[in-house]
2 protein chains.
Amino acid sequence: MLPPGEPKFRRRKAARPGEIVAAALAVFAERGFAAARLDEIAARAGVSKGALYLYFETKEEIFRAVVDHAIAPNMQMIRAMVAAHPGPFPALLRAVGERIGALIETVPIGGVVKMVIGEARNFPEIARVWHDELAAQALGALTDAVRAAQVRGEVRVGDPRMFALELIAPMIMGVIWRETFVPVGALPFDLSALAGQHVETMLHGMMATEAVA
Amino acid sequence: MLPPGEPKFRRRKAARPGEIVAAALAVFAERGFAAARLDEIAARAGVSKGALYLYFETKEEIFRAVVDHAIAPNMQMIRAMVAAHPGPFPALLRAVGERIGALIETVPIGGVVKMVIGEARNFPEIARVWHDELAAQALGALTDAVRAAQVRGEVRVGDPRMFALELIAPMIMGVIWRETFVPVGALPFDLSALAGQHVETMLHGMMATEAVA
DNA sequence: TATTAATGACTGACCGGTCAGTTATCAGGA
DNA sequence: TCCTGATAACTGACCGGTCAGTCATTAATA
């Protein structure tokens, strides 16, 4: 009864956590926290359900790991972009817009956004981490950039934090639209084009002079 | 053994469905579909769990009723606003902005938005209804208004559907921010002020001339 | 051979949905 | 006005399926 071919599993302690988190991201993003089945996560990660508990204590801890995992690289990217452009505001905005447009077309950020929005009440600690370490920082960085541009006289008067929200909101809404309505037949948006058009619209709308080009 | 005081329940067939839907809205908004308990909905509606099944077949049907209930008045409002302003674009935009700003400050629309986003994959029919009867229509109405203004030469060139998304996205994001992050300590936005500032920003950004005032 | 990664059948709690029984309400008769 | 059935709105204990989490056992590897 011993098939001499492939062994029925391999011992790969180092690789498992990453594979489990990746599988969990996909399942949580598709189903939400409560409707996600540990059996499905395990199956997609190529392990049994029991193996999950060698690396994580509870379902909630897996969820937390997924959220944490999704934060780090994004925060790094945002910091790098803002730091790379102390110069004139239009240049910063166009660079950020282009980068984000390309990013959201490829990275599965949408699933995580949905997850955090949908489960925020049930897991306030997760909402807090996501806010403190990503949302508030990204919004803060953009707010600072806007405020600096206002001081330089480039950007007209107005609440800089609201300007920051106005800048990023359509991109996030575009992602939410894609995740929520496109699967049921909605006309999709070209998110890169949306990012480009919105940056130009906002530049015309925010700049003190018409020296936008 | 018969206490002569208050009866332990009353027969109020006409009022029950509305009360159940209102209670369900609150619980679904707080917990999401899966984590919402029928016992809690029943308790908040002031009935027993069994009574729910006198008026609804399943939990999902209650969910559907909540979503349907939230759609009708909003759609009516949007239609009325766009119909009331065939005239110059800035006037329409300011009217819509003011109305929406006031509305989202008061109406519990946020919970429903979170619900739909969070449960779209698990209940595609609900996402479809929400899209077909609200999101697509609202976006379409705004798109038509933008396109008409472009034809009149008021609004610069650009994808009108993207302009429409750019217009409404910050308001929706403001609501999501309030529902998701403010409960864990985030700095809130003044949504009316946000609506006002965004309308002015977008007018400056979209209009062909600087004849905004 | 010793060690431990990995399995998967199992358990127990939880919750959507049911239904036999209870009680408010009211029409009609005295 | 007070009783008295008839009706159906309402209750809440219960059932059965589902699924997160456990653990005795098996198998890969050093």
Side-chain angles (χ1 to χ4, degrees), chain A residues 1-28 30-66 115 119 121-123 126, chain B residues 1-24 27-28 30-66 115 119 121-123 126:
Chain A
M1 263 306 175
L2 288 178
E6 292 293 292
K8 73 186 289 190
F9 63 84
R10 291 185 192 278
R11 312 170 96 203
R12 295 168 51 247
K13 183 175 175 140
R16 295 298 189 206
E19 294 170 358
I20 292 170
V21 168
L25 166 60
V27 177
F28 282 137
E30 270 180 35
R31 308 235 189 274
F33 178 80
R37 305 284 151 240
L38 289 184
D39 280 310
E40 189 177 353
I41 293 173
R44 289 210 207 176
V47 296
S48 69
K49 189 168 70 169
L52 301 182
Y53 286 87
L54 298 175
Y55 302 102
F56 300 94
E57 295 273 327
T58 62
K59 184 185 187 182
E60 188 175 334
E61 199 193 301
I62 297 176
F63 187 74
R64 220 183 302 264
V66 168
M115 254 171 50
E119 307 291 350
R121 296 264 184 172
N122 300 45
F123 300 95
I126 284 171
Chain B
M1 263 309 177
L2 286 177
E6 292 292 291
K8 74 188 286 190
F9 64 86
R10 292 186 189 276
R11 314 172 91 203
R12 293 169 52 246
K13 184 178 173 129
R16 295 298 190 206
E19 294 170 357
I20 292 169
V21 167
V27 177
F28 282 138
E30 271 178 37
R31 309 236 188 273
F33 179 80
R37 304 287 151 238
L38 290 184
D39 280 309
E40 188 176 354
I41 293 174
R44 289 211 206 177
V47 296
S48 70
K49 191 167 66 168
L52 301 182
Y53 287 87
L54 297 174
Y55 301 101
F56 301 94
E57 296 273 327
T58 62
K59 184 185 187 182
E60 187 174 337
E61 200 194 300
I62 299 176
F63 187 74
R64 219 184 301 265
V66 168
M115 252 171 53
E119 307 290 351
R121 296 264 185 173
N122 300 47
F123 301 93
I126 284 169

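Since the structure is predicted, the reported quantities are computational estimates derived from the model, not experimental observations. Naming convention: chains lettered A, B, ... in sequence-line order (proteins, then strands); numbering from 1 in each chain.
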Quiz prompt | Counterpart residues, side chain to side chain contact (heavy atoms under 4.5 Å, CB included), relative to R10(B) (two or more places apart) | solution = E6(B), P7(B), R12(B)
Self-check item: Contacts of type ring pair (Phe, Tyr, Trp, His ring centres under 6.0 Å), residue Y55(B), not counting sequence neighbours
Solution: none
Self-check item: L52(B) side, atom CG; I62(B) side, atom CD1 - distance, nearest 0.5 Å
Solution: 5.0 Å
Self-check item: Strand-adjacent residues in residues 31-39 of chain A, judged by heavy atoms under 4.0 Å from DNA chain D
Solution: A36(A), R37(A), L38(A)
Quiz item: What pairs with F63(A) under ring pair (Phe, Tyr, Trp, His ring centres under 6.0 Å), at least two apart in sequence or on another chain?
Solution: F28(A), F33(A), F123(A)
Quiz prompt | For R64(B), all residues meeting salt bridge (Lys or Arg N to Asp or Glu O under 4.0 Å), sequence neighbours excluded | solution = E60(B), E125(B)
Practice problem: Would you kindly give the OH-to-C1' distance between Y53(A) and dA5(C), to the nearest whole Å? | Solution: 17 Å
Practice problem: Classify every nucleotide of nucleotides 1-17 of chain D by which part a protein heavy atom approaches to under 4.0 Å, writing B for the base, S for the sugar-phosphate alone and - for neither, in 5'-to-3' order. | Solution: ------BBSBBB-----
Practice problem: Output all residues satisfying salt bridge (Lys or Arg N to Asp or Glu O under 4.0 Å) with E30(A), sequence neighbours left out; order by chain, then residue number. | Solution: R44(A)
Practice problem: Only counting residues at least two apart or in another chain, list the ones meeting side chain to side chain contact (heavy atoms under 4.5 Å, CB included) with A51(B). | Solution: V47(B), S48(B), L54(B)
Practice problem: Round to a whole Å and report the spacing from CD of E40(A) to C1' of dG8(C). | Solution: 18 Å
Self-check item: Residues which pass side-chain hydrogen bond (donor to acceptor under 3.5 Å, both in side chains) with R16(A), listed by chain and number, not counting sequence neighbours
Solution: none
